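Single-structure report; data block below.
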2 protein chains.
Amino acid sequence: MKIGELSKTSGCSVQTIRYYEREGLLSDPERSEGNFRLYSDKSLKELEFVKHCRSLDIPLNDIKRLIELKNKPEESCSSVNKLIKQQLDLVNKRMKELKALKNELQQMASTCNSDNTIGACGIIKSLDS
Amino acid sequence: MKIGELSKTSGCSVQTIRYYEREGLLSDPERSEGNFRLYSDKSLKELEFVKHCRSLDIPLNDIKRLIELKNKPEESCSSVNKLIKQQLDLVNKRMKELKALKNELQQMASTCNSDNTIGACGIIKSLDS
DNA sequence: CTTGACTCTATAGTTACTATAGATTTTATA
DNA sequence: TATAAAATCTATAGTAACTATAGAGTCAAG
Ligand SMILES: [Zn+2]
Ligand SMILES: [Zn+2]
Ligand SMILES: [Zn+2]
Ligand SMILES: [Zn+2]
């Protein structure tokens, strides 16, 4: 299949597919006589692996490492474990941050009933302190 | 005070201060004879307003709008309200996403005890499906 | 044989910074 | 006072993960 079809099947934009290829996350596809990229089902699986990782917010560099590891089935998977745990730590950290943000935003929102003037707005007052 | 002192007092890096100025979030400071930026306490307050907004993850463009609004104390604050509520929605949305990520990452992590080979690693298997 | 859809590469834009390079100014030391 | 070190200046490039062009080439249908 050509890139447009892979794009539709995968739900990944054409530019993103080409971008992933440039970044070395997808193996270089065959080319047609007219230089069009030609993909197989294997290509689709590669792309879906990347998408799955991205859906977990794993950075492209780490995905690259995961792909390399995937190709060495005999090695220990401890680095895979470590990577996922780091990602989990990061997610937990960000969740904590967001909770704090949420609290402050909610409290701020509650200080204003929206029919004030800006001079009397509790939100602006909070932000100013 | 010069930019270095403002940087220390505010906890904002020198480059970031200059960047905020370029982006129109801080008013242009006075200049010394030798063209060094000279700041007042008012400048510090401006910068702290920006920092407070940034700590709530409000994008620079929205902060710019908030500053403009702040300078029109007689107008209605409904747009301020709207902006904060949008930010709150965004935070809530992101929190939901992160919860889902966390769940999947945790489940994945639980499928591997870290002393597998990659070929037998539950994490890689999950990512592959 | 031309139109339109698709694809190609290369390049620039996005966000909020951070990090240089190379020049100039100021401050501290000898 | 001479000089060295620290601070500042502008301009430019890099970061992450895309997205969006521009301009040219390819391919299928009418
Ligand atoms: Zn999944
Ligand atoms: Zn208000
Ligand atoms: Zn606050
Ligand atoms: Zn494992």
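Computed from a prediction, not measured in an experiment: that's the story for all the values here. Chain letters run A, B, ... following the sequence lines, proteins first and then strands; every chain starts at 1.
Listed by residue number, A/Asn35, A/Phe36, A/Arg37 are the residues of residues 33-68 of chain A with a heavy-atom contact under 4.0 Å to DNA chain C. Listed by residue number, there are no residues of residues 86-105 of chain B with a heavy-atom contact under 4.0 Å to DNA chain C.
Shown here for B/Cys77 and A/Cys112, the closest heavy-atom pair between the two residues is SG-SG, 3.4 Å. The two residues A/Lys125 and A/Gly119 have their closest heavy-atom pair at NZ-O, 3.4 Å. Smallest separation of non-hydrogen atoms from B/Ile84 and A/Ala109: CG2-CB, 4.4 Å. Nearest heavy-atom pair, A/Leu101 versus B/Ser55, reported as atom, atom and distance to 0.1 Å: CD2-O, 2.8 Å.
Annotation for B/Glu74: atom CD counts as buried by contact number, over 12 foreign heavy atoms lying within 6.0 Å.
A cation-pi geometry, defined here as NZ or CZ lying under 6.0 Å from the six-membered ring centre and within 45° of its normal, holds between A/Lys70 and A/Phe49.
For B/Arg18 and C/dT18, the CZ to P distance is 13 Å, given to the nearest whole Å. Rounded to whole Å, the distance from CG on B/Leu25 to C1' on C/dA16 is 11 Å. Taking atom CD on A/Glu5 and atom C1' on C/dA5, their separation rounds to 15 Å, with Å as the unit. In this entry the distance linking CG of B/Leu26 with P of C/dA16 reads 14 Å, nearest Å.
In this structure, B/Arg31 does not reach the C/dT25 phosphate: none of its side-chain N or O atoms is under 4.0 Å from OP1 or OP2. At the phosphate of C/dT18, OP1 or OP2 sits under 4.0 Å from a side-chain N or O atom of B/Ser13.
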**Asked** side-chain contact (heavy atoms from CB on, under 4.5 Å) between A/Met108 and A/Leu127: does it pass, once the steps are laid out?
**Response** CA-CA 8 Å; A/Met108 276 181 42; A/Leu127 285 175; 3.9 Å; yes
**Prompt:** When you look at A/Ile3 and A/Phe36, which way does the side-chain contact (heavy atoms from CB on, under 4.5 Å) test go after all the steps?
**Reply:** CA-CA 8 Å; A/Ile3 199 166; A/Phe36 285 13; over 6 Å; no
**Asked** Checking side-chain contact (heavy atoms from CB on, under 4.5 Å) for the pair B/Lys64/B/Glu23: CA distance, chi angles, key distance, verdict?
**Response** CA-CA 9 Å; B/Lys64 220 166 158 181; B/Glu23 294 298 308; 5.6 Å; no
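Checked by atom type, the side-chain pair B/Glu75/A/Thr117 shows no donor-acceptor distance below 3.5 Å.
With respect to the salt-bridge test (charged N to carboxylate O, under 4.0 angstrom), the residues B/Arg18 and B/Asp28 do not qualify.
For the pair B/Arg22 and B/Lys2, nearest-nucleotide mapping onto DNA chain C gives the more 5' position to B/Arg22.
Taking 4.0 Å as the cutoff to heavy atoms of chain B, we find the contact window on DNA chain D bounded by D/dT8 to D/dT10.
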